[in-house]
Amino acid sequence: MKTERIKEAVLIIVSFVIGGVLTFVIIGGEDIISNNSSSTNSGLTCSSADCTKVVVDESGISEAVEKVYDGVLMIRNYQDNEVAATGTGFVYKTEDDYAYVMTNQHVIDGTDKVTLITSSDEEIEGEVLGGDSFVDIAVIRIKKYDGIVSLQLGNSENTGLGDLVFTVGSPLGYEYRGSVSTGHLAGKDRLVSVSTGDTSSSDWVMKVLQTDAAINPGNSGGPLMNTNGEVIGVISMKLVQTEVEGMGFAIPIEYINSKIETLENGESIEWPLLGVSMINVSDAKNSYRYNFDIPSDLDSGVVVAGIEAGSGAADSDLKEGDIITKLNGEVVQDSAYLRYELYKYSAGDTIEITYIRGGKEHTTKVTLSSSND
């Protein structure tokens, strides 16, 4: 009897132990496996067909950085045998004996000679094939070198707000070349007014990606990448105000892809031409130099200051002094926004212009000509 009780007690203990082990495996074991595998989480879903996914672990994105690091170069813009500006560029294509480097047009503006410094600190001379101020992209061709890496072009549309992004660049010049900064995609489709020339006044609006990754002078032209090292944008500018921090911007790669072949071939991008010279309503109202008839309650739009002979505007009902307020139904705040709306179209397209004359609203049709004519 006593022996049977002992056996029964042992059986109960064994059953308890086995049950506990099974419960641990079922409930806790998955967590252990999950915790052990947390250091091998794959990166963001690839957005290009030939993308190789990388590992994102508790140490950061070192694998992604290693994948692209040798394809990012510092750029020096020489004018009169002196360094006039520096920036960043990256190899996006190799073909035959050459590599093609993408950067910002404003990085190489006015250059007499452009050189590129590799990750191994070799300085090589490049040839500027083409560039455009409105896209703010330029293409430089260089000879292939040992260890060269070509970056994969991705798709910003597949990147969501809050996704991890990073960039490699040369903030503040040579001393800090090859700096890596990380952040998140903070915004999409931001409209930012910029100047395409040497003046501080804005004459163009860019639709850009926003990131909180550290962007400083010298980062311009560098790649903004997802965690797989795919380029989703090209760093172009930073909102510089003393009270603003952590707002950097990049041109979406999809927009660049539609223009890059033209620049590679050394050709000018064909922009549609309306055929008018313009003055912002705000400027015309606040300057004694102009004597246009502007309604007192009108604070936006552009005044037609002149009309180019032989242009589409010359064949329309527009006259000097008219105030353009809409383009194909889209409100025109100023000349920068007018160009932004205008450059959605092509030479040969016919658009509707809404304008004010004598305090009354009118419309007219304008067939656009080409900036290359």
Side-chain angles (χ1 to χ4, degrees), residues 104-106 109-110 132-136 187 189-208 210 217 220 236-245 247-249 251 271-309 311-314 316-345 351-366 368-369 371:
N104 288 149
Q105 170 63 24
H106 75 259
D109 265 342
D132 184 272
S133 295
F134 290 108
V135 185
D136 197 21
D189 299 332
R190 301 297 200 203
L191 295 180
V192 180
S193 297
V194 297
S195 171
T196 60
D198 296 330
T199 64
S200 58
S201 59
S202 301
D203 60 356
W204 176 235
V205 172
M206 298 186 76
K207 182 181 285 189
V208 293
Q210 179 188 338
S220 290
S236 180
M237 55 198 158
K238 183 180 180 182
L239 183 59
V240 181
Q241 297 177 16
T242 55
E243 67 273 21
V244 174
E245 184 177 347
M247 294 182 68
F249 299 97
I251 310 165
W271 297 108
L273 188 68
L274 182 60
V276 300
S277 55
M278 302 172 288
I279 300 171
N280 292 335
V281 164
S282 57
D283 294 333
K285 289 180 71 172
N286 296 323
S287 175
Y288 66 88
R289 293 181 298 169
Y290 306 115
N291 188 29
F292 296 112
D293 181 17
I294 302 175
S296 58
D297 60 346
L298 187 64
D299 296 316
S300 63
V302 295
V303 182
V304 177
I307 298 178
E308 184 177 332
S311 67
S316 74
D317 296 329
L318 286 174
K319 294 181 179 180
E320 185 175 327
D322 289 344
I323 304 167
I324 298 175
T325 56
K326 294 180 183 177
L327 191 155
N328 265 3
E330 297 294 334
V331 175
V332 171
Q333 297 182 24
D334 53 28
S335 59
Y337 275 83
L338 185 144
R339 284 192 179 92
Y340 171 74
E341 294 297 336
L342 180 66
Y343 287 177
K344 294 178 181 178
Y345 302 95
I351 61 173
E352 182 179 81
I353 296 293
T354 302
Y355 63 95
I356 293 175
R357 180 189 298 165
K360 296 182 179 180
E361 187 175 85
H362 306 269
T363 61
T364 186
K365 300 288 187 180
V366 178
L368 304 176
S369 52
S371 60

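The side-chain hydrogen bond (donor to acceptor under 3.5 Å, both in side chains) search around Tyr345 returns Asn328, not counting sequence neighbours. Scored by the salt bridge (charged side-chain N to carboxylate O under 4.0 Å, His left out) test, Arg357 finds Asp322 as partners (sequence neighbours excluded). By the side-chain hydrogen bond (donor to acceptor under 3.5 Å, both in side chains) test, Lys365 pairs with no residue at all, sequence neighbours left out. The side-chain hydrogen bond (donor to acceptor under 3.5 Å, both in side chains) search around Trp204 returns none, not counting sequence neighbours. Gln333 pairs by the side-chain hydrogen bond (donor to acceptor under 3.5 Å, both in side chains) definition with nothing, not counting sequence neighbours.
Side-chain N or O atoms of Thr364 include none that pairs as donor or acceptor with a backbone N or O of Leu318 at under 3.5 Å.
Asn280 approaches Ser335 most closely through the heavy-atom pair OD1-N, 2.8 Å. Minimum interatomic distance between Ile251 and Asn104 (heavy atoms only, all atoms of both residues): CD1-ND2, 4.3 Å. Contact between Ser371 and Leu273 at its shortest, heavy atoms only, is N-CB, 4.2 Å. Of all heavy-atom pairs between Gly275 and Ala313, the closest is O-CB, 3.8 Å. Nearest approach of Ser220 to Ser236, heavy atoms of both residues: OG-O, 3.7 Å.
Taking 4.5 Å as the limit, some side-chain heavy atom of Arg339 sits within range of a side-chain heavy atom of Phe134. Using a 4.5 Å cut-off on side-chain heavy atoms (C-beta onward), Ser193 and Tyr337 make contact. Side-chain contact between Leu368 and Leu342 is present, with heavy atoms from C-beta onward closer than 4.5 Å. Residues Tyr290 and Ile279 form a side-chain contact, since some pair of their non-hydrogen atoms from C-beta on lies under 4.5 Å apart.
To the nearest 0.5 Å, the span separating OH on Tyr343 from CG on Leu338 amounts to 9.0 Å. Considering CG of Asp203 and CE of Met278, their distance stands at 9.0 Å, rounded to 0.5 Å. Note that CD of Glu341 is 12.0 Å distant from NZ of Lys326, once rounded to the nearest 0.5 Å. Rounding to the nearest 0.5 Å gives a distance of 5.0 Å between CD1 of Ile356 and CG of Leu298. Considering CD of Glu361 and CD1 of Ile323, their distance stands at 11.5 Å, rounded to 0.5 Å.
Of the options Thr354, Ile351, Val366, a side-chain contact (heavy atoms from CB on, under 4.5 Å) to Leu327 is made by Ile351 and by none of the others.
Screening residues 288-299 for salt bridge (Lys or Arg N to Asp or Glu O under 4.0 Å), with sequence neighbours left out, gives Lys285-Asp299.
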Exercise for the section: Go through Val276 and Ile307 one step at a time and tell me if the side-chain contact (heavy atoms from CB on, under 4.5 Å) criterion holds. Expected result: CA-CA 4 Å; Val276 300; Ile307 298 178; 4.2 Å; yes
Exercise for the section: Could you please spell out the steps behind the side-chain contact (heavy atoms from CB on, under 4.5 Å) verdict for Val304 and Lys319? Expected result: CA-CA 7 Å; Val304 177; Lys319 294 181 179 180; over 6 Å; no
Practice task
Begin with the C-alpha distance, continue with both residues' side-chain angles, and end with the deciding distance and a verdict on side-chain contact (heavy atoms from CB on, under 4.5 Å) for Arg190 and Val208.
Solution key: CA-CA 5 Å; Arg190 301 297 200 203; Val208 293; 4.0 Å; yes
Practice task
Under the side-chain contact (heavy atoms from CB on, under 4.5 Å) rule, what do Asp317 and Tyr355 come out as? Steps first, then yes or no, please.
Solution key: CA-CA 10 Å; Asp317 296 329; Tyr355 63 95; 3.7 Å; yes
